[in-house]
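The first residue of the sequence shown is numbered 1, and numbering continues consecutively from there. Quantities reported herein were computed from a predicted structural model and do not represent experimental measurements.
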Amino acid sequence: MTQEKKKRMGVEVLASVMREEPWELARRMGIASDAVIINQCDRLGFEKIEYEGHVVRFYSFPDKGVGKSRNEALLRAEGDICLFADGDLVYENGYAEAIEAEFRANPRADMILFNVEVAKERRTYHISKRKRVHWYNCGRYGAVSFAVRRESLLSSGVAFSLLFGGGARYCSGEDSLFLKEFMGKGYSVYTAPVTIGREVSEGSTWFEGYDRKFFHDRGVLYRYLYGKLGRVMALRFLLAHRGRVCEKVSVLQAYGWMKEGLSVARFSRSKI
């Protein structure tokens, strides 16, 4: 690959945040690349700043919903590689260069998933080697681990669901659906054992514990993700994570709530 092509490959952070200010957010997150920030608040606004030699475009909207705000960021993306983010992330020094290096080393990859450190009780995955991601194990990765070639994403036509995720009808899963649909259209997704940041969350805006709504919504998600295999995958999830998700309810009760969600949702291969 020529030096000219290397210089043209740039990472752009696409962040969904709530009630933030551009300078403080860029400093706190350790932004070291261009960025598009979608700020969910009570006003309309736009501000463009230069931070540490990079361009940060900061859009404010009086709308809610993580899927909607991620889609708004996608519409405005200009970088070669789009890196999804939330406002509670702090990036490692050199994250952009590390991501670029992985894409150069794997030209077949349309998307690469990276490690982001989170609290132990919220951890759903840890990448220890480079491998291809498949439909049956795509449900464990959050959007903040996604780095995707913008050209591949635009040609795929894939967007985030407005039914799932913080601020939507069902509390989570927009990232899993996004990943499954992207792969379903023939695009290649790989993992990389590289940590690009850590989460410093003060608490989720949607997660209220492993209660009936959590399991019901997870059941709805599994119907969209796995279709007729939804019940099998639901039981697999509960048995694999029962020590964490079934501390206050039995596996049988949680499975019953997940089956309620599975029965409510009608499986469809259309875009949601």
Side-chain angles (χ1 to χ4, degrees), residues 8-91 95-96 99 111 114 116 142-169 171-175 177-179 181-182 196-197 199-206 271-272:
R8 283 203 302 264
M9 183 181 287
V11 171
E12 185 173 49
V13 170
L14 306 184
S16 170
V17 305
M18 296 184 67
R19 296 181 293 277
E20 296 282 2
E21 296 299 330
W23 288 99
E24 171 58 23
L25 181 72
R27 182 199 63 78
R28 192 178 73 237
M29 291 182 67
I31 296 293
S33 64
D34 289 351
V36 175
I37 312 296
I38 304 298
N39 183 38
Q40 302 169 75
C41 59
D42 57 359
R43 68 182 190 277
L44 279 172
F46 171 70
E47 189 171 352
K48 183 177 179 179
I49 68 171
E50 184 174 315
Y51 182 80
E52 301 292 335
H54 302 283
V55 175
V56 177
R57 290 177 286 145
F58 192 88
Y59 298 85
S60 294
F61 293 103
D63 298 318
K64 292 183 179 179
V66 68
K68 184 176 179 64
S69 60
R70 293 204 198 284
N71 290 340
E72 293 284 3
L74 282 173
L75 290 173
R76 295 160 175 82
E78 296 177 356
D80 301 299
I81 301 168
C82 297
L83 176 64
F84 294 104
D86 293 327
D88 57 2
L89 293 184
V90 176
Y91 284 113
Y95 73 89
I99 291 169
M111 181 188 292
F114 293 86
V116 173
V144 296
S145 68
F146 298 178
V148 57
R149 296 186 195 271
R150 186 169 61 93
E151 288 187 0
S152 298
L153 189 53
L154 291 176
S155 64
S156 75
V158 174
F160 284 93
S161 170
L162 303 185
L163 280 178
F164 294 83
R169 180 174 182 178
C171 60
S172 65
E174 80 290 348
D175 33 23
L177 291 166
F178 180 91
L179 192 55
E181 185 177 357
F182 187 70
I196 59 172
E199 182 184 82
V200 287
S201 177
E202 295 180 355
S204 172
T205 58
W206 64 266
K271 188 174 178 181
I272 59 174

### Task
Give me the one residue out of L25, I38, V36 that meets side-chain contact (heavy atoms from CB on, under 4.5 Å) with F58.
L25

## Note on the structure
The single option from D86, L83, D175, D88 that satisfies side-chain contact (heavy atoms from CB on, under 4.5 Å) with V144 is D86

Side chains of [X] and [Y]: closer than 4.5 Å at any heavy-atom pair?
X	Y	answer
V116	Y91	no
R28	E24	yes
V148	I81	no
L177	F164	yes
F182	L153	yes
S145	F84	no
F178	M111	yes

Report, one line per pair, each donor and acceptor closer than 3.5 Å where one atom sits in a side chain of residues 10-18; sequence neighbours left out.
unit_1 : atom_1 : unit_2 : atom_2 : d
E12    : OE1    : E78    : N      : 2.7
E12    : OE1    : G79    : N      : 2.9
E12    : OE2    : R57    : NH2    : 3.0
S16    : OG     : Q40    : NE2    : 3.1
S16    : OG     : S69    : OG     : 2.5

### Task
Using a strict 4.0 Å threshold on nitrogen-to-oxygen distance, state whether K64 and D42 make a salt bridge.
no

Which heavy atom of [X] sits nearest a heavy atom of [Y], and at what distance?
X	Y	result
E174	G165	OE1-CA, 3.0 Å
L162	G67	CD2-C, 3.9 Å
E50	W23	O-CH2, 3.3 Å
A32	A96	O-CB, 4.1 Å
S155	S152	OG-O, 2.9 Å
P22	E47	CG-OE1, 3.5 Å

#### Entry: Separation of C82 SG from L74 CG (nearest 0.5 Å)
6.0 Å

## Note on the structure
CD of E181 to OG of S156, rounded to nearest 0.5 Å, is 7.5 Å

### Check against ring pair (Phe, Tyr, Trp, His ring centres under 6.0 Å), F46 and F61
CA-CA 9 Å; F46 171 70; F61 293 103; 9.9 Å; no

Is a side-chain N or O of [X] found less than 3.5 angstrom from the main chain of [Y], in a donor-acceptor match?
X	Y	answer
R70	G65	no
N71	A159	no
N39	Y59	no
D34	V55	yes

### Task
Taking the six-membered ring of Y51 (Phe, Tyr or Trp), confirm whether the NZ or CZ of R27 is under 6.0 Å from its centre and within 45° of its axis.
no

### Task
Please say whether more than 12 non-hydrogen atoms of neighbouring residues, nucleotides or ligands are located less than 6.0 Å from CZ in R169.
no

